[in-house]
Amino acid sequence: MCDYNDYKEIERTITDNDISFQKIDGDDKERLIQRLYDTFVIGNPRALWMNFKYIPENIDCNMEDPYFHLPEIIDGDTDLYFFIDYWNRDFIIYKAKMSDIHTFLGDCEALIDEYYLVTPDFTELYGITDHDDLLHIDIRQNEIRSHTSISE
């Protein structure tokens, strides 16, 4: 679970920047997490990107933090589910526009090690890993892995 101070910092960032985030909790949160796994992940890996069902495209960010490239890749008006992977133990989930997510990350990214941006129809996922990789999966285009697990 997220440390109390981390939650406070997340809430401070949202409030200070007047960000429109819709927090997803309870049964809705559990359903979205299940859908994330069912759509994009094989098994229950420590980090989701370690065992994607699809071979992700690794978007070249010229050795820079992917945060700086998100506005070039995802339109600011795009609605997304924002899954903050809290140290591989829990997810904090918001629904928001990309522009608000980008503002949030600009203020609070140091707190967040890994996160996923998923379209509401769950056809696309953008993942920023703890190694600063920017991965993209479009289930309509990316190739499915030929074997069942990559991180045994």
Side-chain angles (χ1 to χ4, degrees), residues 1-3 5-24 29 32-33 35-37 39-146 149-151:
M1 287 294 208
C2 202
D3 179 90
N5 290 324
D6 293 344
Y7 278 125
K8 281 179 54 175
E9 181 62 13
I10 288 169
E11 292 302 319
R12 181 213 55 82
T13 301
I14 293 168
T15 302
D16 286 359
N17 291 290
D18 194 28
I19 298 173
S20 284
F21 273 12
Q22 175 190 347
K23 187 164 187 179
I24 311 292
K29 175 182 173 179
L32 287 175
I33 291 170
R35 189 168 178 194
L36 176 72
Y37 276 83
T39 305
F40 296 105
V41 183
I42 298 168
N44 190 17
R46 179 190 61 78
L48 300 187
W49 59 266
M50 294 175 72
N51 231 12
F52 280 138
K53 288 181 181 180
Y54 298 85
I55 300 169
E57 171 192 6
N58 194 337
I59 298 172
D60 183 6
C61 294
N62 299 316
M63 304 295 286
E64 298 172 332
D65 187 329
Y67 159 80
F68 295 110
H69 295 274
L70 289 174
E72 302 163 11
I73 297 165
I74 307 170
D75 183 88
D77 288 331
T78 303
D79 287 318
L80 298 162
Y81 287 113
F82 177 33
F83 289 81
I84 300 170
D85 189 350
Y86 192 75
W87 302 105
N88 306 307
R89 294 185 308 222
D90 189 20
F91 287 100
I92 301 166
I93 306 172
Y94 296 100
K95 187 173 184 183
K97 294 211 175 293
M98 182 62 230
S99 58
D100 285 336
I101 295 168
H102 194 256
T103 299
F104 172 87
L105 291 170
D107 190 341
C108 199
E109 186 182 30
L111 176 68
I112 301 169
D113 195 35
E114 193 167 297
Y115 54 94
Y116 300 92
L117 306 169
V118 180
T119 57
D121 64 0
F122 278 73
T123 58
E124 290 186 75
L125 173 143
Y126 294 88
I128 290 71
T129 72
D130 57 345
H131 300 282
D132 281 338
D133 292 319
L134 175 53
L135 306 175
H136 176 242
I137 293 172
D138 183 331
I139 65 171
R140 300 161 296 192
Q141 297 175 1
N142 289 71
E143 182 180 341
I144 293 181
R145 292 195 184 279
S146 59
S149 182
I150 60 171
S151 63

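Of the inter-residue distances, the one linking His69 atom NE2 with Ile128 atom CD1 reads 11.5 Å to the nearest 0.5 angstrom. The CD1 atom of Ile19 lies 9.5 Å from the OG atom of Ser99; values are rounded to the nearest 0.5 Å. Going from atom CD of Glu114 over to atom CG of Asp133 covers 10.0 Å, rounded to the nearest 0.5 Å. If you take CZ on Arg35 and CG on Asp121, they are separated by 7.0 Å, rounding to the nearest 0.5 Å. Here CD1 of Ile59 is found 4.0 Å from CG of Leu134. Values are rounded to the nearest 0.5 Å. With rounding to the nearest 0.5 angstrom, the CD1 atom of Ile101 is 5.0 Å from the CG atom of Leu80.
Partners of Phe40 under the ring pair (Phe, Tyr, Trp, His ring centres under 6.0 Å) rule, at least two apart in sequence or in another chain, do not exist in this structure. Take Asp18 and apply the salt bridge (charged side-chain N to carboxylate O under 4.0 Å, His left out) test, not counting sequence neighbours, and it matches no residue.
Without hydrogens or angle criteria, Asn51 side chain to Ile42 main chain gives a donor-acceptor distance under 3.5 Å. A donor-acceptor contact shorter than 3.5 Å is absent between the side chain of Asp138 and the backbone of Glu124.
Here the shortest heavy-atom pairing between Pro56 and Arg145 reads CD-NH2, 3.5 Å. Summarising the geometry of Thr119 relative to Tyr81, their closest heavy-atom pair is O-CD1, 4.3 Å, with the distance given to 0.1 Å. The nearest pair of heavy atoms linking Ala96 to Ser20 is CB-O, 3.7 Å. Minimum heavy-atom separation, Pro66 to Cys61: CA-SG, 3.9 Å. Closest approach of Lys97 and Asp77 over heavy atoms only: NZ-O, 3.4 Å.
Residues Asp85 and Tyr116 are in side-chain contact: their nearest non-hydrogen atoms beyond the backbone lie under 4.5 Å apart. For the pair Tyr94/Ile10, a side-chain contact is recorded, criterion being any heavy-atom separation below 4.5 Å from C-beta on. Using a 4.5 Å heavy-atom cutoff, the side chains of Asp132 and Tyr67 are not in contact. Contact check for Leu135 versus Phe52: side-chain heavy atoms found under the 4.5 Å cut-off. Between Thr78 and Leu117 the shortest side-chain heavy-atom distance does not fall below 4.5 Å. The closest side-chain heavy-atom distance from Ile137 to Lys53 is not below 4.5 Å. Side-chain contact check for Asn17 versus Phe104: every heavy-atom pair is 4.5 Å or farther apart. Looking at heavy atoms from C-beta onward, Leu105 lies in side-chain contact with Leu70 at the 4.5 angstrom threshold.
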**OP:** Could you walk me through whether Ile73 and Met98 pass the side chain to side chain contact (heavy atoms under 4.5 Å, CB included) test, one step at a time?
**Re:** CA-CA 10 Å; Ile73 297 165; Met98 182 62 230; over 6 Å; no

**OP:** Report the C-alpha distance between Thr123 and Ile139 in whole Å, list the side-chain angles of each, state the deciding distance to 0.1 Å, and finish with yes or no for side chain to side chain contact (heavy atoms under 4.5 Å, CB included).
**Re:** CA-CA 5 Å; Thr123 58; Ile139 65 171; 4.2 Å; yes

Subject >> Step-by-step side chain to side chain contact (heavy atoms under 4.5 Å, CB included) determination, Glu9 to Cys108 >> reply: CA-CA 8 Å; Glu9 181 62 13; Cys108 199; 4.0 Å; yes

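The number of heavy atoms from other shown groups lying within 6.0 Å of CD (Glu72) is above 12.
Between Phe83 and Phe122, the two ring planes are perpendicular [angle over 60°; tilted spans 30° to 60°]. Ring-plane geometry between Phe21 and Phe82 is classed as perpendicular, the angle between the planes exceeding 60 degrees on a 0 to 90 degree scale with a lower cut at 30.
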